[in-house]
*Asks:* 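Structure below; questions to follow.
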Amino acid sequence: MTTQRDLFAAAPPAVPPVAQPEDVGALDRRWSPRDAASPGDPLAARRATRALRDVDVHFARAAARLAGGVDPLVLLGLAAASRASGDGHVYAELDAPERLVRLEGAAAVAWPDPAAWRAALEASPVVATAREAAESPGCPLVLDGHRLYLARYWGYQRRLLAAGGARAALQRADVDRAALAAGLARYFPEADRAGPPPDLQRAAAAAAVLRALVRVTGGPGTGKTTTVLDVRDHLVEQARALGLAPVLIALAAPTGKAAARMGDAIARELARLAVPADVAAAIPRAATTLHRLLGWQPHQPTRFRHDAARPLPADVVVVDEGSMVDLALMAKLLDAVPEGARLVLLGDRDQLVSVEAGTILADVCGDDDAGCSPAWAERLAAVGAPLSPAVATPAAPTPAVADCVVRLRVSRRFTADGGIGALARAVNAGDADAALAVLRRDPTGQVTWLPLDAAAADVRALPAALREGLVAGYRRAVRVDGPKAALAAFDAFRVLAAHRERTFGAQGLNAAVVDALVRERTVPREAAGGRWWPGQPVMVTENDHAQELYNGDVGVVLSEPGGALRVWFRAADGGVRGLAPARLPAHETVFAMTVHKSQGSEFDEVVLVLPPRPSPVLTRELLYTGVTRARQRVTVVGTEEVLRAAIAERVQRASGLREALWEN
């Protein structure tokens, strides 16, 4: 949650006092006629309808007090900018404030006339224009046209654009092209195929060597991890060919489980590929979290040890699961990467976006068919990575950022005729009819649809066969001995839910599974009473940097030989580590988890349970993310109405980053 201290951390509101308005209710006398139905305190009224949160109201009033009082419209602007960041927007849109709120029951709230609102903000000493903020930061709000930013987020976006833009324009001169071409031919004996869709693995690896900044995006199984390993090998070989010191490579991901999975995948690829022994010895096996990489500090939680003044000791920084990285963290990462280092960002731009503000990976990756510049296509061809005409010949002039983006489209996990891949493609394309056709009949047996009664009230309304299947899916896992085997068993099957609470939310599903396992005596009776028990899967629900445990990390409780219990988690180096239960931060039992918490994870089989009615949380990105967590089989539980509504709804966040990168 954004705190008041965080909001002012980057830019304390050093503003002169202004006259205190006669009363907050004066705002109502300045509404346009359509707003006349909103009497009373504007903040309290909007808090009552959930258009504003408590933190938004407290922040606005605290900022007003620090400023010595503000105009009522400015007071509402402070609250609206805070509310926008809470919903993942980088700014509040004055001409479309209804985009701030997507909760049921809050859509009918009235907002000021945009022209009057903007005029009041422009006249306020607590609001700066973009030029004023760049020259003399200090105001808590920044107004750029119709966009109203908290100064903190305006500053992050400005830093990201400056650092990212500078890196996007850089091509490396310290490259031995002959060594690179030989390495590409060795690791990719078959050239990138023209498609459709085109296979650009060789181009992705080449780009990461030739450029200072590369974003590689693609769905599950498209070869992002393989590309990372190849890039590392090429860079080690480049250093050797040029007579340079060994290259220092840092691998990171937003969460502990994503870092551990990255390490596991790299270990598998090293075993599969014929990597020369001296090259393999120089390749790091373990990944870490971004917070640990940047140097999280308990006494300054919003500032890292590594920044522009104290950059990371790395020649190459590779970050996986880029869709989970928010604006603030990405800006701080770019600050900390040395000017002479390469930065490679990996992720699936079609997945759910970060919990905090921003849609970074989707914004920087742009549209599907942006193409690249002819000069960049020629440079790739010169090292044996020619592009297909469709990619190399854009329909219009491309910005510099286009040359930094490579989208991998050929999945080695989901074949063209497989049900999971077909369902994921239909969902991504927004084609509800095609998605339902796969759900109704999948000859490969990978996809199953269990229609749900729209009137279903709780988990007891789930089909009996499904309830039995949930218990059967976990029966073996809770009986497995040994940390690695137990963690692997729980990765074989997972129930995912759209919501944490509400009908068919993760909490209710967890309780139902525990109750069923207790009734059949698979787990001890105390499991239903909230006590620890052997075989219990648990998920961390808040970050604990001291223990190196992060929100979403999953472990399993096992008995020690003497009867003591320990909770085992995967370690970044591919091993496991155990902790006493008392040392865990906030956590919960996790037979079922939300789709949001499943990001960065994969399971052999997934049961995706949707609520009986449409919800603002249900989007195309959520459905795609849930379906693609499954490696082998997915069962979707829901109504046709809910499925159609989810496929039609897209995550829309006010960012401004895409426009700045691709249109300006």
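The basis for the numbers below is simple: all heavy atoms, side chains too, and nothing from hydrogens, waters or symmetry mates.
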*Asks:* Say you draw a straight line from CG of Asp604 to CD of Gln632; how long is it, rounded to the nearest 0.5 Å?
*Replies:* 4.5 Å
*Asks:* Keeping the roles fixed (side chain from Thr541, backbone from Ala586), state whether a donor-acceptor pair exists under 3.5 Å.
*Replies:* yes
*Asks:* Any carboxylate oxygen within less than 4.0 angstrom of a Lys/Arg side-chain nitrogen, looking at Asp553 and Lys597?
*Replies:* no
*Asks:* Do the side chains of Leu622 and Val617 get nearer than 4.5 Å, heavy atoms only?
*Replies:* yes
*Asks:* Taking C-beta and beyond as the side chain, do Met539 and Asn551 meet within less than 4.5 Å on heavy atoms?
*Replies:* no
*Asks:* Checking Arg629 against Glu602 for the salt bridge (charged side-chain N to carboxylate O under 4.0 Å, His left out) test, could you report, in this order, the C-alpha distance in whole Å, the side-chain angles of both residues, the deciding distance, and whether it holds?
*Replies:* CA-CA 5 Å; Arg629 296 312 86 201; Glu602 293 175 351; 5.3 Å; no
*Asks:* Measure across Thr444 and Gly418 and return the closest heavy-atom pair with its distance rounded to 0.1 Å.
*Replies:* CG2-CA, 4.0 Å
*Asks:* Could you pull out the closest heavy-atom pair between Val317 and Val337, with the gap in Å?
*Replies:* CG2-CG2, 4.2 Å
*Asks:* Can you say whether the rings of Phe304 and His291 are parallel (under 30°), tilted (30 to 60°) or perpendicular (over 60°)?
*Replies:* perpendicular
*Asks:* Of all heavy-atom pairs between Tyr624 and Asp348, which one has the smallest distance, and what is that distance?
*Replies:* OH-OD2, 2.6 Å
*Asks:* Identify the two heavy atoms, one from His306 and one from Pro313, that lie closest to each other, and give their separation to 0.1 Å.
*Replies:* CE1-CD, 3.8 Å
*Asks:* Main chain of Gly419, side chain of Gln446: is a donor-acceptor contact present, judged purely on distance under 3.5 Å?
*Replies:* yes
*Asks:* Show, in sequence, the C-alpha distance, side-chain angles and deciding distance for Leu549 and Asn543, and conclude whether the side-chain contact (heavy atoms from CB on, under 4.5 Å) test is met.
*Replies:* CA-CA 6 Å; Leu549 291 174; Asn543 293 338; over 6 Å; no
*Asks:* Which value, rounded to the nearest 0.5 Å, describes the distance between Leu346 atom CG and Leu251 atom CG?
*Replies:* 9.5 Å
*Asks:* Between the main-chain N or O of Ala253 and the side-chain N or O of Asp320, is there a donor-acceptor pair closer than 3.5 Å?
*Replies:* no
*Asks:* So, Ser601 and Arg494: side-chain donor and acceptor under 3.5 Å apart, yes or no?
*Replies:* no
*Asks:* Could you tell me whether Glu649 and Arg620 have a side-chain N and a carboxylate O separated by less than 4.0 Å?
*Replies:* no
*Asks:* I need the minimum non-hydrogen distance between Ala630 and Val634, along with the two atoms involved.
*Replies:* CB-CB, 3.9 Å
*Asks:* Do Thr289 and Tyr550 touch side chain to side chain, with heavy atoms closer than 4.5 Å?
*Replies:* yes
*Asks:* Using modelled atom types only, decide if a donor and an acceptor are shared between the side chain of Trp449 and the backbone of Gly638 within a distance under 3.5 Å.
*Replies:* yes
*Asks:* What's the shortest heavy-atom distance between Ala498 and Pro611, and which atoms?
*Replies:* CB-CD, 3.9 Å
*Asks:* Does the side chain of Arg342 come within less than 4.5 Å of Leu235's, by heavy atoms?
*Replies:* yes
*Asks:* Does CZ in Arg476 sit with more than 12 non-hydrogen atoms of other residues, nucleotides or ligands closer than 6.0 Å?
*Replies:* no
*Asks:* Atom CD of Glu605 and atom CG of Asp491: how far apart are they, to the nearest 0.5 Å?
*Replies:* 13.5 Å
*Asks:* Given Thr359 and Arg349, is the side chain to side chain donor-acceptor pair (under 3.5 Å) satisfied, shown in steps?
*Replies:* CA-CA 9 Å; Thr359 52; Arg349 68 165 205 176; over 6 Å; no
*Asks:* Does any part of the side chain of Val514, heavy atoms only, come nearer than 4.5 Å to the side chain of Phe591, both counted from C-beta?
*Replies:* yes
*Asks:* Do Phe603 and Phe493 have ring centroids that are under 6.0 Å from one another?
*Replies:* no
*Asks:* From the options Leu608, Val606, Val609, select the one residue that forms a side-chain contact (heavy atoms from CB on, under 4.5 Å) with Val495.
*Replies:* Val609
*Asks:* Going by heavy atoms in the side chains, are Val316 and Val247 under 4.5 Å from each other?
*Replies:* yes
*Asks:* Going through the checks in order, is the side-chain contact (heavy atoms from CB on, under 4.5 Å) test met by Val540 and Phe569?
*Replies:* CA-CA 10 Å; Val540 174; Phe569 294 87; 4.0 Å; yes
*Asks:* Could you tell me if the side chain of Val325 sits less than 4.5 Å from the side chain of Leu290, heavy atoms only?
*Replies:* yes
*Asks:* Decide, yes or no, whether a salt bridge links Arg303 with Asp307 under the criterion of side-chain N to carboxylate O below 4.0 Å.
*Replies:* no
*Asks:* Would Arg215 and Val406 satisfy side-chain contact (heavy atoms from CB on, under 4.5 Å), going step by step from the backbone distance to the final call?
*Replies:* CA-CA 6 Å; Arg215 293 98 165 182; Val406 182; over 6 Å; no
*Asks:* Applying the side-chain contact (heavy atoms from CB on, under 4.5 Å) criterion to Leu423, which one of Thr628, Asp442, Val627 satisfies it?
*Replies:* Val627
*Asks:* Within the side chain of Thr217, is there an N or O that forms a donor-acceptor pair under 3.5 Å with the backbone of Gly347?
*Replies:* yes
*Asks:* Between CG of Leu584 and CD of Glu542, what distance do you get to the nearest 0.5 Å?
*Replies:* 10.5 Å
*Asks:* Would you check if there is a donor-acceptor pair between the side chains of Thr589 and Gln536 at a distance under 3.5 Å?
*Replies:* yes
*Asks:* Let me confirm one number: the CZ-CG distance from Arg500 to Leu509, rounded to the nearest 0.5 Å.
*Replies:* 12.5 Å
*Asks:* Just by modelled atom types, is the Asp326 backbone N or O under 3.5 Å from a matching donor or acceptor in the Glu356 side chain?
*Replies:* no
*Asks:* Determine, stepwise, if the pair Asp350 / Asn428 fulfils side chain to side chain donor-acceptor pair (under 3.5 Å).
*Replies:* CA-CA 7 Å; Asp350 297 316; Asn428 256 345; 3.2 Å; yes
*Asks:* OG1 of Thr594 to NE2 of His499: how many Å apart, nearest 0.5 Å?
*Replies:* 10.5 Å
*Asks:* Can you list the steps and then say if Val607 with Leu450 is a side-chain contact (heavy atoms from CB on, under 4.5 Å)?
*Replies:* CA-CA 10 Å; Val607 176; Leu450 291 180; over 6 Å; no
*Asks:* Between the side chain of Arg566 and the main-chain N/O of Gly578, is any donor-acceptor distance below 3.5 Å?
*Replies:* yes
*Asks:* Under the 3.5 angstrom rule, does the side chain of Arg633 hit a backbone N or O of Gly445 as a donor-acceptor pair?
*Replies:* yes
*Asks:* Is there a side-chain contact between Leu312 and Leu293 (heavy atoms, below 4.5 Å)?
*Replies:* yes
*Asks:* Indicate yes or no: does Glu520 engage Arg475 in a salt bridge with an N to O separation below 4.0 Å.
*Replies:* yes
